2 protein chains.
Amino acid sequence: MTYTGRLTAHLAQATRLLMVKADGSVLVHSDGGSYKPLNWMSPPATMRVGEPEPDEASAGVTEVWTVQATKSDDTLRIAIFTLHHDSAHELGTDPGLVKDGVESDLQRLLAEQIERLGDGHALIRREHPTPIGPVDILARGPAGHVAVELKRRGDIDGVEQLTRYLDLLNRDPLLAPVEGVFAAQQIKPQARTLAEDRGIRCVVLDYDEMRGLDDADSRLF
Amino acid sequence: MTYTGRLTAHLAQATRLLMVKADGSVLVHSDGGSYKPLNWMSPPATMRVGEPEPDEASAGVTEVWTVQATKSDDTLRIAIFTLHHDSAHELGTDPGLVKDGVESDLQRLLAEQIERLGDGHALIRREHPTPIGPVDILARGPAGHVAVELKRRGDIDGVEQLTRYLDLLNRDPLLAPVEGVFAAQQIKPQARTLAEDRGIRCVVLDYDEMRGLDDADSRLF
DNA sequence: GTGTGTATGTCGTCA
DNA sequence: TGACGACGTACACAC
């Protein structure tokens with residue numbers, strides 16, 4: 001099996017599970033690893049079943065699947081030796097997945113519980129727009145404004161992002177001085193070091209606790 | 001179907017493809033989307049098939065799969081209504097995937113063809129270590145040292161990364177002045193603007209051409 | 001459509 | 001084992 005596209009990848013002969021979806025995408029799974037296939041073709045694509053080359057046929061290949069991406073020239077070529085099992089099913093359209101507990105939930109909760117940043121904080125707005133993107137939360141603090149960058153996992157990238165926002169916001173005489181707060185469920189040591197080096201405060205958030213408070217609040221009304 | 005773990009996700013009743021791997025991982029696929037399942041459990045995990053609750057049974061549920069992660073308390077619960085098809089196969093161990101054309105290949109090629117940075121460049125080392133991570137390529141240029149950050153796709157993150165390295169390297173009197181070069185197969189306009197604003201040179205690399213040269217070189221020996 | 005930020009990211013590597 | 005960066009990242013959303 002060979003994939004040619006953004007890179008080139010080869011896969012030796014073995015027993016595998018092949019999945020062909022309605023949109024032409026093809027997945028090649030082994031009996032381990034996580035949900036990621038060993039090799040695949042993203043939709044939209046078209047699959048063609050053809051004859052093997054003579055040398056392949058003599059090596060035991062019975063058929064060859066050629067999967068061609070519609071938009072790019074990415075190609076996946078699968079040589080079939082033995083078909084252990086084959087089964088086709090019509091699944092129909094799928095209702096979507098409903099998620100809960102992603103960054104937007106965290107943002108909503110922190111906006112409601114803005115005092116987690118410290119005493120004397122008041123929410124100004126979520127998703128405060130700037131030319132380089134929205135600041136997650138803008139608040140008024142005891143000594144000026146506060147810009148909050150929110151992440152589930154606080155990584156060095158988030159600190160860089162917040163730094164860019166702060167540079168910009170502090171040029172606005174109506175807002176300056178603006179303090180930075182890096183809030184996340186978990187903050188990596190390197191990110192914390194960088195943040196504190198730049199005078200950015202780090203706040204670790206407990207999602208379960210915040211959600212608990214939120215539920216309690218809801219019950220009051 | 002419900003997943004409880006880092007987040008909570010619910011999936012309505014529909015016809016789907018369920019895959020259970022040898023390591024206990026479970027994938028729930030619809031007949032579209034890319035290779036990512038709608039919902040899944042990562043290995044290691046254990047699956048248990050049990051009876052539905054009475055209210056579920058009266059709604060038509062025939063069995064309930066409970067998938068429990070071994071290391072965390074992530075849980076995936078799948079209510080089965082109808083089994084359209086069931087098939088089990090032993091796949092055995094899998095030979096690995098062989099890739100070609102990833103960043104390490106690009107790095108090796110650029111190290112060999114360091115003159116692509118311009119005349120008068122000489123390689124010092126790849127993966128030059130610094131306290132904040134390795135510099136992809138360090139070279140001697142016509143006017144001091146040159147630090148190269150290498151990406152397949154040149155994004156703003158890469159420029160930030162290189163900037164951090166340059167700040168650090170230029171504090172070393174043995175190395176300063178260090179010029180920055182941002183080399184990638186493709187450089188996003190925003191990344192280019194930021195880089196040039198910071199005096200970082202941008203170099204676009206043609207992988208196919210570089211590989212061609214490499215093959216030609218190999219053939220000489 | 002392109003750019004930007006998130007992800008139950010996943011996956012390798014290296015301390 | 002945990003941090004860190006790459007990924008054929010994929011994916012949603014704003015402009």
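This structure is a prediction, so every number in the text was calculated from the model and none was measured. Residue numbering restarts at 1 for every chain, and letters A, B, ... go by the order of the sequence lines.
Taking the charged nitrogens against the carboxylate oxygens, Arg164(A) and Glu149(A) have no contact shorter than 4.0 Å, which rules out a salt bridge.
Taking atom CG of Asp157(B) as the reference point, atom P of dG5(C) lies 9 Å away to the nearest angstrom. Tyr207(A) places its OH atom 11 Å from the P atom of dA7(C), with the value rounded to the nearest Å. Between the CG atom of Asn39(B) and the P atom of dA7(C) there is a distance of 16 Å, rounded to whole Å. Rounded to whole angstrom, the span from the CD atom of Gln185(B) across to the P atom of dG8(D) amounts to 12 Å. As a whole-Å value, the separation of Ile187(B) CD1 from dT2(C) P is 18 Å. Remark: P of dA10(D) and CH2 of Trp40(A) are 7 Å apart, rounded to the nearest angstrom. The CD atom of Gln107(A) sits 14 Å away from the C1' atom of dC13(D) (whole-angstrom rounding). Rounding to whole angstrom units, CZ of residue Arg126(A) and P of dA14(D) are separated by 13 Å.
Considering only heavy atoms from C-beta on, Tyr35(A) stays 4.5 Å or farther from Met41(B) through its side chain. For the pair Asp157(A)/Asp157(B), a side-chain contact is recorded, criterion being any heavy-atom separation below 4.5 Å from C-beta on.
Rounded to whole Å, the separation between the C1' atoms of dC11(D) and dC7(D) comes to 14 Å. The gap from the P atom of dG5(C) to that of dG8(D) amounts to 23 Å, rounded to the nearest Å.
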Write down the protein N/O and nucleotide N/O pairs, taken from nucleotides 1-5 of chain D, whose separation is under 3.5 Å; answer none if there are no such pairs.
unit_1: dC4(D); atom_1: OP1; unit_2: Gln190(A); atom_2: OE1; d: 2.8
unit_1: dC4(D); atom_1: O5'; unit_2: Gln190(A); atom_2: OE1; d: 3.0

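No side-chain donor from either of Lys151(A) and Gln186(A) sits under 3.5 Å from a side-chain acceptor of the other. At a cut-off of 3.5 Å, with distance as the only test, no side-chain donor of His128(A) or Thr130(A) sits close to an acceptor on the other residue. Counted by atom type alone, Lys21(A) and His29(B) present one or more donor-acceptor pairs between their side chains at under 3.5 Å. Looking at Thr46(A) and Gln68(A), their side chains never bring a donor and an acceptor atom within 3.5 Å of each other.
A distance-only check finds no donor-acceptor pair linking the side chain of Thr8(A) to the backbone of Thr4(A) [under 3.5 Å]. Checked by atom type and distance alone, the side chain of Asn170(B) pairs as donor or acceptor with a backbone atom of Val178(B) at under 3.5 Å.
Here Ser104(B) lies out of heavy-atom contact (under 4.0 Å) with every strand.
Applying the 4.0 Å criterion to OP1 and OP2 of dG8(D), one finds that Ser42(A) has every side-chain N and O outside that range.
Pair assignment for dG8(D): none, as no Watson-Crick or G-U wobble contacts are both less than 3.5 Å.
Remark: Leu7(B), Lys36(B) in residues 7-37 of chain B come within less than 4.0 Å of DNA chain C through at least one heavy atom.
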